[in-house]
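As structure tokens, the structure follows; a few thoughts come after it.
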Amino acid sequence: MSGESGTQLDVAIIGGGIIGICAAAFLTEAGRKVTIFDRTGICEETSSGNAAAFAFSDVLPLAHKGMIRQLPKWLADPLGPLSIPPAYLPTLLPWLIRFWRAGAPEKYEAGLAAQAGMMKLAEAEWMGLLDRSGTRPMLREDGSLELYESETEFRASLPGWAARERFGIGFRHVEGESLAGLQPGLSPRFVKGTFVPGWKTVADPKLLGKAVWAYAEAKGARFEMARIDRVAADQDGATLTLADGTTRHAKQLVVAAGAWSHLLARQLGDRIPLETERGYNTTLPKSAFDVKRQLIFSGHGFVITPLETGLRVGGAVELGGIERPPNYDRSKALLQKAQKFLPGLNPSGGREWMGFRPSLPDSVPVIGRAPGGRSVVYAFGHGHLGLTQAAATGRLIRELVLGQTLAIDLAPFSPLRF
């Protein structure tokens, strides 16, 4: 059987999330033989439970979103938008220092330009991939509505909107009847909003991921359920050691294992400061409330998204690594806020969930060849934007693996930038 010990694979991808799935689709379209390895399945972990947004207008690096300013207030609330378990703080400190430095004004323009270029490519590549894979009916183009509880909060958002406007991102500020018309039943505590007509969502991120995988599989991609314990590489290829002790050899390896990717990179001699933003949500029945489009409560760090499969209330950030058990009190806290913000919301019958967002201090993913060997490509660290940037990343991986001309300059995404 193909894939057993000693058999030479063409391209191995570690990670069956949306980045690995899109990489498989682009590579199989180019005629390469792809095998994805994942410990649980295709689109079963972090990519399955996200907020379902194609956030192509979300170009501001996290360190510049007023997050540094909000940190003291947010950290004071153990169930607020951002929490750090005290025992994890010593481990996290080097990453936090890098995050703080990434917010320096001189780094702003470079980070903004890198994300804007990536987003432009992402939108074009997703629209093409949706069409080729027959998944365009899963796309929803209802826009998004960001909400503010005070004139002060609204004014604080304006520099960010001005930055987006420079990159051609459309929006309009709304209040009064216009605001109520975009989302009936909102609490009167929201005095203003910003409507982004170009914001898109998908019917359900897990269903989309599995459908794109079915397309790649029909073109010859294979899946092997396995945990990869060790990786090694040289100029001629890569060797993967599975948890059962068997090995697989591949001409080329793509590391797209989300929050676990830095552990594999370290085995290849590369130290990449990846941390884990643990995100929480509750998916309620569709009948919980008639939400017209994704609602963004940026002052509270969460969103509400209407899906084909329910109403998803989720977000917040817990910088707590990959070992700690979930703290579902955070999901419950988000749901309590959602009830205040949408007074008619029925909070019963929900499913709680936690996922690991793989995040780098400057909010820009690592996409590029591993410094030590031409046989390994890295594609991880997309933070909140994995679904959004997956098709662009898939195209860039194809170009790296095939030695083609790159669609964008990958210098800002280099694994060496740290």
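In this text the structure is predicted, and so the values were computed from the model without any measurement. By convention here, the first residue in the shown sequence is residue 1.
- Side-chain atoms of E275 and S359 include no donor-acceptor pair closer than 3.5 Å.
- Contact check for I367 versus L400: side-chain heavy atoms found under the 4.5 Å cut-off.
- Pairs of residues two or more places apart, or lying in two chains, that qualify as side chain to side chain donor-acceptor pair (under 3.5 Å) and include a residue from residues 403-413 are R398-Q404.
- A cation-pi arrangement is absent between R98 and W95, since the terminal nitrogen or guanidinium carbon is not both under 6.0 Å from the aromatic centre and inside a 45° cone about the axis.
- E217 is linked by a salt bridge (charged side-chain N to carboxylate O under 4.0 Å, His left out) to nothing, counting only residues two or more places apart in sequence or in another chain.
- Ionic pairing of E44 and K206 is present here: one or more N-O contacts between side-chain nitrogen and carboxylate oxygen are shorter than 4.0 angstrom.
- Listed by chain and number, the residues in a ring pair (Phe, Tyr, Trp, His ring centres under 6.0 Å) with F223 amount to none (sequence neighbours excluded).
- Evaluation of the ring pair (Phe, Tyr, Trp, His ring centres under 6.0 Å) rule for Y88 yields no partner, not counting sequence neighbours.
- Scanning for ring pair (Phe, Tyr, Trp, His ring centres under 6.0 Å) contacts around W353 gives an empty result, with sequence neighbours left out.
- Pairs engaging residues 194-215 under the ring pair (Phe, Tyr, Trp, His ring centres under 6.0 Å) rule: none recorded [sequence neighbours left out].
- Under the side-chain contact (heavy atoms from CB on, under 4.5 Å) criterion, I97 pairs with L93, R101, sequence neighbours left out.
- In this view, E318 and R278 satisfy the salt bridge (charged side-chain N to carboxylate O under 4.0 Å, His left out) rule, not counting sequence neighbours.
- By the side-chain contact (heavy atoms from CB on, under 4.5 Å) test, A391 pairs with F26, E125, W126, L129, sequence neighbours left out.
- None of T201, L295, I296, L334 except one satisfies the side-chain contact (heavy atoms from CB on, under 4.5 Å) rule with V303; the exception is I296.
- Applying the ring pair (Phe, Tyr, Trp, His ring centres under 6.0 Å) definition to pairs two or more places apart or across chains, those involving residues 380-418 are Y378-F380.
- Between K192 and E153 there is no salt bridge, since no side-chain nitrogen of the basic residue lies less than 4.0 Å from a carboxylate oxygen of the acidic one.
- For K120, there are no salt bridge (charged side-chain N to carboxylate O under 4.0 Å, His left out) partners at least two apart in sequence or on another chain.
- Applying the salt bridge (charged side-chain N to carboxylate O under 4.0 Å, His left out) rule to R357 yields the partners E277; only residues at least two apart in sequence or on another chain are considered.
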